[in-house]
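Written below as structure tokens is the structure these notes are about.
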2 protein chains.
Amino acid sequence: MTELHTGSAAGARFIGDLRDALPPDRVVTRPETLEGLSRDKAHVLEPGRALVGAFPTSAAEVSTVLQLATEHRIPVVPRGAGSGLAGGANAVDGCVILSTLRMDRIVEINTDDMIAVVGPGVINAKLSAEVAKRGLMYAPDPSSFEISSIGGNLATNAGGLRCVKYGVTREATLGLEVVLADGAILRTGRRSVKGVAGYDLVSLFVGSEGTLGVITEATLRLRPSPLPAGTLLASFPSLADAAKAVASMPSVTPSVLELMDQTTIRAVEEWQHLGLDIGSAAMLIARSDTADFGRAELDAVEKACQASGATVIHRSIDALESEGLMGARRAALPALERLGITLLEDVAVPRGRVVDLVQAVVRIAEEHDIRIGTFGHVGDGNLHPTLVIPRGDLAAQGRAMQAAEAIAAAALSLGGTLTGEHGIGTLKRHQLAGEIGPDGLRASWAIKNALDPLGIMNPGKVLPPRQAIPD
Amino acid sequence: MTELHTGSAAGARFIGDLRDALPPDRVVTRPETLEGLSRDKAHVLEPGRALVGAFPTSAAEVSTVLQLATEHRIPVVPRGAGSGLAGGANAVDGCVILSTLRMDRIVEINTDDMIAVVGPGVINAKLSAEVAKRGLMYAPDPSSFEISSIGGNLATNAGGLRCVKYGVTREATLGLEVVLADGAILRTGRRSVKGVAGYDLVSLFVGSEGTLGVITEATLRLRPSPLPAGTLLASFPSLADAAKAVASMPSVTPSVLELMDQTTIRAVEEWQHLGLDIGSAAMLIARSDTADFGRAELDAVEKACQASGATVIHRSIDALESEGLMGARRAALPALERLGITLLEDVAVPRGRVVDLVQAVVRIAEEHDIRIGTFGHVGDGNLHPTLVIPRGDLAAQGRAMQAAEAIAAAALSLGGTLTGEHGIGTLKRHQLAGEIGPDGLRASWAIKNALDPLGIMNPGKVLPPRQAIPD
């Protein structure tokens with residue numbers, strides 16, 4: 001990688017050129033403002049010190065920022081709403097933080113073609129509400145959907161609760177406008193659902209966490225609004241029983257299939273007083289949006305839960321009550337955050353190995369003496385074991401980091417992944433080689449160098465240093 | 001690109017090294033055998049002259065072939081079952097044809113994890129039958145499924161009839177083993193449904209038509225076997241009416257939604273005598289595999305067809321009769337092939353623009369005096385206008401090539417693509433710039449060079465020459 005300039009004289013020249021090239025309100029340098037722009041929600045990580053912030057309002061302005069960054073060899077950290085969980089949007093020393101939030105226009109919602117064209121700064125919930133008014137659905141619904149931006153969702157290939165049935169962000173992305181490191185404005189993909197002309201650059205940029213370019217517009221696939229859903233809640237005497245129930249229902253695809261363990265249930269109940277059964281060791285929440293409130297599908301789910309030892313099963317077709325149950329699940333992370341500093345794991349395994357994963361997590365929690373609340377999208381094998389570190393307890397923080405490594409190792413040994421939907425960022429960069437191997441790293445670096453030869457795009461994120469690749 | 005060696009002395013040395021390195025039955029040089037391995041089903045294209053054929057039985061043997069090809073600078077043309085339609089598997093002068101057909105083992109079908117691990121030589125229909133026995137489905141079902149291989153399906157990112165509901169090959173691919181140009185054996189992706197660790201190399205290799213490496217194993221996602229489907233057939237007094245019916249039903253997602261125009265209906269009926277109504281200008285075939293034979297969904301389809309002027313609507317929940325209707329659709333291409341040499345287009349447009357596309361095709365057929373039968377996966381906007389050239393009529397062949405260009409241009413102007421599921425190959429290579437633009441070509445070439453710096457992998461396919469990229 002070329003030496004990037006982070007010294008003060010080079011930085012001052014870059015800021016001067018940026019101010020000359022863009023309208024005045026696009027460039028910010030106040031330390032307090034930069035501080036607020038310098039971190040995402042990976043609470044255990046310390047960001048670097050940013051040089052300047054930029055708020056471009058168009059692809060042309062993004063191109064200007066990147067051309068100047070190329071010229072001055074300034075690192076660029078693209079940023080959406082800052083709700084990421086892996087440090088992907090954390091500042092690096094001497095960088096320009098490029099916020100995409102002012103590119104927040106819904107350019108088009110086309111009900112005939114079933115697509116939306118949006119700027120990266122559009123908040124997920126806003127898009128979802130707009131398309132719902134027209135009888136359509138934008139499927140990816142990360143738990144952060146009320147605050148996270150489409151650009152951030154694209155950069156991390158975000159998942160969510162409905163993805164078990166409707167697919168993740170990549171499956172909903174038909175086309176992209178991307179500004180490359182040298183300022184070239186690339187349009188890739190299309191407006192049709194299918195298309196195989198040339199390499200799939202859309203999938204390459206989705207999930208690349210700002211290391212290959214800046215997404216400035218996306219053409220997104222919409223789906224018909226689902227039918228009204230029925231909801232099922234099942235309580236289990238053990239976590240393993242709940243996981244077994246999931247493994248025993250491969251013949252159905254509910255639209256939501258979520259797990260909460262006892263630690264999580266109690267944290268939510270203590271906070272929100274919803275009347276959850278704090279005696280149960282685990283809960284499953286399933287929804288089905290097939291005909292007749294998913295009756296046939298939820299019958300199959302109920303049967304599988306009973307056979308796996310569920311003690312209480314409650315079903316509802318009342319929309320308000322269903323939303324209440326989903327709200328309990330959505331409260332999981334904030335409820336655990338009330339108990340300390342959280343380190344949110346994001347492992348995923350094949351659906352049949354969920355039992356092994358939850359048992360491994362329980363064992364790791366004991367071995368490392370760390371409180372772990374486990375919840376997540378169990379239907380597609382993606383769980384969020386959340387390590388809770390008492391504030392100010394440095395020893396516990398150390399143990400938590402070790403426990404997190406052990407959880408990731410367990411997921412890999414089960415044929416799974418370090419990260420199902422949050423991304424690598426800086427948090428898991430040192431672990432990536434364990435998943436994709438030296439050949440995977442070499443191929444990834446070759447692609448990175450091909451598209452960003454100077455290495456200015458979000459350096460230090462996702463890929464470990466090339467010199468660290470084992471032979 | 002490095003100069004590749006296609007001369008006879010260099011070729012003889014390569015063949016000698018290949019014979020030394022592999023068991024004897026892996027290497028073929030008989031001209032008749034090579035001739036049979038040198039072309040796919042793009043009948044209008046003339047292949048080059050192959051030097052040698054290789055039939056490796058493992059990733060290690062593929063690696064040996066590629067290491068020797070790298071050493072001797074010999075072009076490599078990977079090949080599945082040869083059912084491709086764009087010349088992607090056609091020989092180039094002096095190449096080694098690398099057949100993947102002997103890597104035909106189903107390594108694993110895991111019903112708990114809902115995945116299959118297979119060699120690239122496994123025929124799609126064989127895998128589908130094996131997983132069906134276990135209550136599961138491998139969704140991608142190209143019309144060629146009885147003869148095409150999974151490796152070829154992956155190389156072209158093949159679609160099919162069910163893809164309108166269940167997604168194309170890319171959506172069914174979780175992990176790959178790929179041998180790169182230099183012989184490195186890369187494992188990428190995972191066994192879990194979700195995963196965002198590092199760049200999405202799986203999607204990069206899927207659909208790259210053998211230009212980036214050779215896929216030697218795939219981990220594929222399975223789905224539950226669908227519920228029994230109901231089938232609906234609707235006849236229309238005009239092609240535009242049928243297209244309008246499709247555009248007017250965005251609120252449903254049938255599991256199949258196919259179109260046949262009058263030319264196609266008549267060709268099928270003349271051949272198979274199924275009792276199709278040869279007076280109707282167009283037919284739609286819809287299936288729904290939701291509860292109760294898709295009754296509610298097919299009701300909505302029926303209503304939309306009626307509102308758009310359908311004259312006859314026939315519904316069936318009889319499995320045998322349904323298969324008969326689907327058989328009529330699957331007979332479309334072979335029926336048209338009986339009438340002359342066919343040039344099969346593969347354009348796709350947004351669903352709302354199908355009306356414009358079919359009208360453009362009718363106009364183009366008249367303007368160029370070419371018989372065109374149009375059929376295809378209208379539910380996802382992917383149509384196969386099939387140009388029929390009387391055998392030996394060179395003038396008609398010239399007009400057909402012009403007409404095909406005009407159809408592709410029409411699709412692009414409607415926000416669509418040159419190729420929905422067949423690929424670029426050599427057939428549409430000269431048109432790719434029109435879809436992805438100079439920046440897209442530059443980015444694609446940068447990636448190609450990063451992974452295949454000597455340019456030995458399927459040269460002359462997909463990407464037009466770099467020197468032809470406009471500034």
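This structure is a prediction, so every number in the text was calculated from the model and none was measured. In what follows, chains are A, B, ... by sequence order, proteins preceding strands, each numbered from 1. Reckoned from all heavy atoms, side chains included, excluding hydrogens, waters and symmetry mates.
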Contacting moiety of A:Asn382, where chain B heavy atoms sit under 4.5 Å: side chain
Select one option (side chain, backbone, both, neither) describing which atoms of A:Glu435 are under 4.5 Å from chain B's heavy atoms. side chain
Side-chain heavy-atom pair A:Arg353, B:Asp113 within 4.5 angstrom cut-off: yes
Note, A:Val168 side chain near B:Val196 side chain (heavy atom, < 4.5 Å): no
Contacting moiety of A:Val252, where chain B heavy atoms sit under 4.5 Å: backbone
If you measure from CD on A:Glu297 to CG on B:Leu227, what distance do you get to the nearest 0.5 Å? 8.5 Å
Neighbour count above 12 (heavy atom, 6.0 Å) for B:Arg223 CZ: yes
Interchain contact, A:Arg221 with chain B, by part (heavy-atom threshold 4.5 Å): side chain
Between A:Ala296 and chain B, with a heavy-atom cut-off of 4.5 Å, which part of the residue counts as in contact: side chain, backbone, both or neither? neither
At a heavy-atom separation under 4.5 Å, does A:Val178 approach chain B through its side chain, its backbone, both, or neither? neither
Looking only at A:Asp112, A:Asp380, A:Ile424, the option with the highest number of non-hydrogen pairs under 4.5 Å against chain B is A:Asp380
Interface moiety of A:Arg187 toward chain B, non-hydrogen atoms closer than 4.5 Å: backbone
Part of A:Ile185 within contact of chain B (heavy atom distance under 4.5 Å): backbone
With rounding to the nearest 0.5 Å, note down the distance linking OG in A:Ser444 to CG in B:Leu201. 4.5 Å
With a 4.5 angstrom heavy-atom cut-off, which part of A:His422 approaches chain B: side chain, backbone, both or neither? backbone
A quick test of your reading: do over 12 heavy atoms of other residues, nucleotides or ligands sit less than 6.0 Å from CZ of B:Arg134? yes
Non-hydrogen atoms of B:Leu451 and A:Ala443 that approach each other most closely: CD2-CB, 4.0 Å
Rounded distance [0.5 Å steps], CZ in B:Arg190 versus CD1 in A:Ile436: 9.5 Å
